[in-house]
Amino acid sequence: FCYNYLKPLKYVLSEIKKNSSKIHTIKISWNVMSEKKNKKNWKLKNNLTGGVLFNYGSHLLNLFFPIKKKLNVSIKIDNILFKSCKFSVKKKITYNFSLSNISNTPHGIKIELIGKKYRKIISNYGSKGPAVGFKLKIVSSKNQNNKSNKLINLDAKKKIDISDLYLKTLNNFDKIKKNRLRKYKNDINEGLWNTYLLEHIQNKIKKIV
């Protein structure tokens with residue numbers, strides 16, 4: 001789950017933790033460019049161990065719900081099975097997920113933190129890759145005017161690439177293993193948590209279709 005190390009997404013988690021705006025709803029959209037020549041790509045088809053739900057959904061669920069807890073999941077809309085799906089997860093905050101493979105713009109990740117005081121939009125729509133081009137937009141809840149519009153680029157001196165995130169993931173795993181940290185149990189069930197949750201969502205979608 002390399003996206004856990006992407007600083008704009010870590011910023012999102014810190015905002016949720018602080019909750020200075022009294023966040024009640026979070027909207028997450030992840031649109032990935034789909035080309036006809038990639039029809040057999042594992043990321044597009046569930047029978048090739050992919051599909052938007054298992055591929056992108058696993059990253060987002062691990063990001064927002066890393067600890068095993070009981071979650072209430074509801075399917076809101078399902079357009080094309082495993083190529084486009086929408087579902088909600090209810091905790092203290094309502095999380096609305098939208099995952100799609102699309103051929104037209106906008107491509108990228110967009111996260112809206114909706115609170116009583118203001119709404120924060122973190123997005124890299126229109127960027128050249130999933131790890132670059134993130135912007136922050138803050139809208140006041142009172143007058144709906146833009147409060148600010150700035151780039152979130154905490155690694156301005158260094159270009160972030162997916163391979164950099166992979167290395168951070170491996171380095172962190174290596175550090176945990178070497179130090180034999182107590183919280184690391186080396187238990188297969190730790191890795192299966194997301195799979196259980198994804199299969200639960202998948203089964204609910206199948207009942208609708």
Side-chain angles (χ1 to χ4, degrees), residues 1-34 52-53 55-66 71 73-79 83-162 164-165 168 201:
F1 298 115
C2 59
Y3 289 100
N4 289 4
Y5 300 90
L6 189 59
K7 289 201 173 181
L9 297 190
K10 289 174 76 173
Y11 169 83
V12 169
L13 294 182
S14 69
E15 285 295 302
I16 295 171
K17 187 176 181 180
K18 289 189 298 185
N19 204 11
S20 58
S21 180
K22 297 182 180 179
I23 299 167
H24 53 77
T25 306
I26 298 177
K27 294 181 180 179
I28 306 108
S29 299
W30 196 340
N31 296 332
V32 181
M33 184 171 63
S34 174
V52 292
L53 182 59
N55 185 24
Y56 315 119
S58 63
H59 284 279
L60 293 172
L61 291 173
N62 180 265
L63 181 74
F64 292 110
F65 315 110
L71 297 170
V73 181
S74 63
I75 307 302
K76 299 196 75 175
I77 303 171
D78 177 59
N79 297 325
K83 290 187 178 180
S84 177
C85 64
K86 297 183 181 182
F87 62 94
S88 293
V89 174
K90 179 70 176 177
K91 207 177 176 183
K92 292 180 179 178
I93 297 171
T94 299
Y95 295 78
N96 296 319
F97 295 90
S98 175
L99 311 171
S100 302
N101 279 311
I102 58 176
S103 55
N104 299 317
T105 55
H107 304 126
I109 304 171
K110 180 181 178 182
I111 300 174
E112 294 184 59
L113 307 175
I114 304 170
K116 291 184 178 180
K117 294 182 180 180
Y118 49 74
R119 179 165 54 101
K120 289 189 175 183
I121 305 168
I122 298 92
S123 171
N124 73 336
Y125 274 6
S127 65
K128 295 182 179 179
V132 296
F134 281 90
K135 293 182 180 180
L136 168 64
K137 185 178 181 180
I138 304 174
V139 180
S140 171
S141 296
K142 291 183 179 180
N143 52 27
Q144 295 297 309
N145 292 325
N146 293 345
K147 190 176 180 181
S148 68
N149 191 354
K150 60 181 179 180
L151 277 172
I152 298 176
N153 190 353
L154 303 178
D155 287 319
K157 295 180 181 179
K158 181 183 177 183
K159 183 180 178 182
I160 298 298
D161 190 75
I162 286 292
D164 296 323
L165 301 181
K168 286 185 179 182
I201 295 169

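The first residue of the sequence shown is numbered 1, and numbering continues consecutively from there.
T25 contributes no side-chain N or O that, together with a main-chain N or O of T94, makes up a donor-acceptor pair within less than 3.5 Å.
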Check the pair N62, N4 against side-chain contact (heavy atoms from CB on, under 4.5 Å), reporting the backbone distance first and the verdict last.
-> CA-CA 8 Å; N62 180 265; N4 289 4; 2.7 Å; yes
Please lay out, stage by stage, how H24 and I114 fare under the test side-chain contact (heavy atoms from CB on, under 4.5 Å).
-> CA-CA 6 Å; H24 53 77; I114 304 170; 3.6 Å; yes
Please step through side-chain contact (heavy atoms from CB on, under 4.5 Å) for the pair K135 and S123, ending with a clear verdict.
-> CA-CA 5 Å; K135 293 182 180 180; S123 171; 5.8 Å; no
Evaluate the criterion side-chain contact (heavy atoms from CB on, under 4.5 Å) for residue pair F87 and V89; output intermediate values, then yes/no.
-> CA-CA 7 Å; F87 62 94; V89 174; 4.1 Å; yes
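K120 and E15 are joined by a salt bridge, as a carboxylate oxygen and a charged side-chain nitrogen come within less than 4.0 angstrom of each other.
Using a 4.5 Å heavy-atom threshold, the side chains of V52 and C85 count as touching. Considering only heavy atoms from C-beta on, I26 comes within 4.5 Å of I16 through its side chain. You'll find the side chain of Y3 reaches within 4.5 Å of the side chain of I162, heavy atoms only. Considering only heavy atoms from C-beta on, L6 comes within 4.5 Å of L165 through its side chain. When side chains are defined from C-beta on, I109 does not count as touching S29, because their heavy atoms never get closer than 4.5 Å. Contact of the I138 side chain with the R119 side chain is not registered, since no non-hydrogen atoms from C-beta on lie closer than 4.5 Å.
One finds the CD1 atom of I28 at 13.0 Å from the NZ atom of K86 (value rounded to the nearest 0.5 Å). From Y5, atom OH reaches atom CG of L63 across 11.5 Å, with rounding to the nearest 0.5 Å. Put simply, CG on N124 and CD1 on I111 are 9.0 Å apart, with the number rounded to the nearest 0.5 Å. The line from CG of L99 to NE2 of H59 is 11.0 Å long, rounded to the nearest 0.5 Å. If you take NZ on K27 and CG on N96, they are separated by 7.0 Å, rounding to the nearest 0.5 Å. Taking CG of L9 as the reference point, atom OG of S14 lies at 11.0 Å (rounded to 0.5 Å).
The aromatic rings of W30 and Y56 sit tilted relative to each other, their planes meeting at an angle between 30° and 60°.
Looking at residues two or more places apart in sequence or on another chain, you find a side-chain hydrogen bond (donor to acceptor under 3.5 Å, both in side chains) between S20 and Y118. The side-chain contact (heavy atoms from CB on, under 4.5 Å) test applied to N19 returns I23, not counting sequence neighbours. Contacts of H107 classified as ring pair (Phe, Tyr, Trp, His ring centres under 6.0 Å), with partners at least two apart in sequence or in another chain: none. With sequence neighbours excluded, the residues that form a ring pair (Phe, Tyr, Trp, His ring centres under 6.0 Å) with Y95 are F64, F65. Scanning for side-chain hydrogen bond (donor to acceptor under 3.5 Å, both in side chains) contacts around K17 gives an empty result, with sequence neighbours left out. For K110, the side-chain hydrogen bond (donor to acceptor under 3.5 Å, both in side chains) test picks out no residue, with sequence neighbours left out.
Between S127 and G133, the closest heavy-atom pair is CB-CA, 4.1 Å.
Counted within 6.0 Å of NZ on K90, heavy atoms from surrounding residues, nucleotides or ligands total more than 12; the atom is thus considered enclosed.
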